[in-house]
> 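Can you read through this structure? Questions will come right after.
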Amino acid sequence: MPAVPVDVDPFGDEFLRDPYAFHGALRDAGAVIWLPAINAFGMARFEHVSAALKDHETFCSSRGVGLADFAKEEPFRAPSLLLEADPPLHDRTRQLMNRIVSPKALKDLRPQWQEKADRLVRTLATGIEFDAVTELAEVYPMMVFPDTIGLMDEGRENLLDYAAIVFNAFGPRNQIFEDGIRGSEAAIAWVDAACKRENLKPGGWGMAVFEAADRAECSNEEAERLVRSFLTAGVDTTVNGIGHLVLALSQNPDQFARLRADPALAKKAFEESLRWDSTVQTFFRVTTRDVEIDGTAIPQGAKVLLFLAAANRDPGHWIEPERFDIERNVSGHVGFGFGIHQCLGQMVARLEGELVAKALAQNVASIRPLGEPVRRLNNTLHALASYRVAVQPA
Ligand code: OVV
């Protein structure tokens, strides 16, 4: 059976502005769909998205996890040694990085990160209103993450621009990509410099990668590129994760009341916000062989777009998936992916999200939307530009 064609452009403005309006049609069309707009296959049901993520031998990453097929096209930048790699390379680099982003490292960071979240949220709560994106979601990760890596102080504001460019580059070379890339040479040059050993502070996660290189766990060139992974994946993701956490809590006062009554639900609240609105909406894989999914053939060497966010709201898997419910069991959600590539920084993101949720629960009596969020269109991220909320301090 051939894949059912679905005539929507998953990187068009209309789709990116409200992807959730289109996901139902994608899931309903079939287990495997054909997307003529981008000449690629797609999967949007939970069962098949999570199965593909788990089967990295059939659905590989080394030919790129964006639309560009590295077997046929020049990558936008030197491929990531984690995200755009398969075993055995991936397993070596991932092991090295896992030792740095360890439970112990996160445990040590918690007290300082908690104090920073508390102070920021308490200050914001004393006003009548604030912008949950520009004054909270974009601020908090920048208060904690660059220092943890040990980044140079000058020019850190380039991180958000750089990440937006790279996440756009996973899609086609559309207007969104072109608009982002214009005038971006400085941000790219800054990131290249920031990844170098001589520009990293001692004691940070960046220098720790070079110390692994000194132990011959990787080359110095590989170390630079692994540090680049921290810089690319570590900021815009948590910015928008936290943004959508606040969006969800403010639009669902009953859930915020539950959280206020039991701040220990903070961790679950952030996890549910990631299921409910998944920051990384999509990633591609490439088939390493002819494969049949639910009776539909996908040939070897095909790009397959995995709709993570659609899987996370699949009514075939979740009860009332549109409902934001912080007490829901969200285990198995694919907001951080699944399998060997599952987010390296998930503990970092969870810690940031939990601490912001907890700070809101303890310091804010009410938080309500002042209108709709303003979106920033990105080919991969569900991103926010601005979201004003009214607050009362606790
Ligand atoms: C998950 C992710 C997104 C973007 C870049 C990277 C990883 C990387 O490894 O560079």
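Below, each value reflects all heavy atoms present in this structure, side chains not excepted, and no hydrogens, waters or symmetry copies. Order of listing sets the numbers, starting from 1, for every ligand and every atom in it.
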> Using 4.0 Å as the upper bound for N to carboxylate O, is an ion pair formed by E354 and R110?
yes
> Looking only at side-chain N and O atoms, does R375 offer a donor or acceptor that is under 3.5 Å from a partner on H382?
yes
> Are F170 and T282 close enough that some pair of their side-chain heavy atoms sits under 4.5 Å apart?
no
> Specify the closest pair of heavy atoms between D86 and S61, including all atoms of both residues, with the distance to one decimal.
OD1-N, 2.9 Å
> Compile the protein residues with any heavy atom at a distance under 4.0 Å from an atom of ligand 1; present them by chain, then by number.
R77, S80, L83, F167, F170, S229, T232, A233
> Say whether, by atom type as modelled, one donor and one acceptor occur between the side chain of R173 and the main chain of G171 under 3.5 angstrom.
yes
> Please round to the nearest 0.5 Å and tell me the distance separating atom CZ of R258 and atom NZ of K268.
11.0 Å
